Amino acid sequence: MAYWLFKSEPSTWSWDDQVAKGDAGEEWDGVRNYQARNIMRQMAVGDQGFFYHSQTEKAVVGIVEVIAESHPDSTTDDDRWDCVDIKAMRGLSTPVTLDQIKAEPRLAEMVLVRNSRLSVQPVTQAEWDIICAMGA
DNA sequence: GCCAACGTTGGC
DNA sequence: GCCAACGTTGGC
């Protein structure tokens, strides 16, 4: 199983919005970036991901599961853009903030730290375990 | 609200 | 195919 990170502005699509969708989940649509799209194309059903709030909160707030592999993005007619579907699994007891992540030397190589603008990112097993422990 | 970083676009 | 201009994103 692989791990990922999904970034969203809470004012556009928040963790609460995602939770409200329940097990039906929702398309992770609107991505218009080749790098992010290519990462989504690598995802498999059952993979897990962090749900990260950018801008005001800047923290990992929850864990999601991929429930549909990459397919055309229904919000555009442009066939270049794909998306996956995800559903909320559980919230973190304590959100893990960007400050905490930057303060943890073992997370210095995270894409979130290295390339903060990428909206969909891969996460390693080690990074996953560390952040889960920090948020428990 | 500003600015730096980055990606995309379009003219040549 | 290069590069300047522009738009977007996200941290501060």
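Order of the sequence lines sets the chain letters (A, B, ...), proteins ahead of strands, with each chain counted from 1. Note that this is a predicted model, so its numbers are computed, not measured.
If you take CG of Asn33(A) and C1' of dT8(B), they are 10 Å apart, rounded to a whole angstrom.
Applying the ring-ring contact (aromatic ring centres under 6.0 Å, His included) rule to pairs touching residues 53-108 of chain A yields Tyr34(A)-Trp81(A), Phe51(A)-His53(A), sequence neighbours excluded.
Under the 4.5 Å side-chain criterion, counting only non-hydrogen atoms from C-beta, Leu5(A) is in contact with Leu112(A).
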Tabulate atom names and distances for all N/O pairs under 3.5 angstrom spanning the protein and nucleotides 9-12 of chain C.
residue: dG10(C); atom: OP1; partner: Lys7(A); partner atom: NZ; Å: 3.4
residue: dG11(C); atom: OP1; partner: Tyr52(A); partner atom: OH; Å: 3.1
residue: dG11(C); atom: OP2; partner: Gln55(A); partner atom: N; Å: 3.2
residue: dC12(C); atom: OP1; partner: Lys102(A); partner atom: NZ; Å: 2.9

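Side-chain N/O atoms of Trp13(A) and Gln18(A) include a donor and acceptor closer than 3.5 Å.
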Next on the checklist: With ring pair (Phe, Tyr, Trp, His ring centres under 6.0 Å) as the criterion, how do Phe6(A) and Trp28(A) come out once you've worked through the C-alpha distance, each side chain's angles and the decisive distance to 0.1 Å?
Outcome noted: CA-CA 9 Å; Phe6(A) 297 87; Trp28(A) 194 258; 5.2 Å; yes
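A salt bridge does not link Lys58(A) to Asp99(A): none of the charged nitrogens lies less than 4.0 Å from a carboxylate oxygen.
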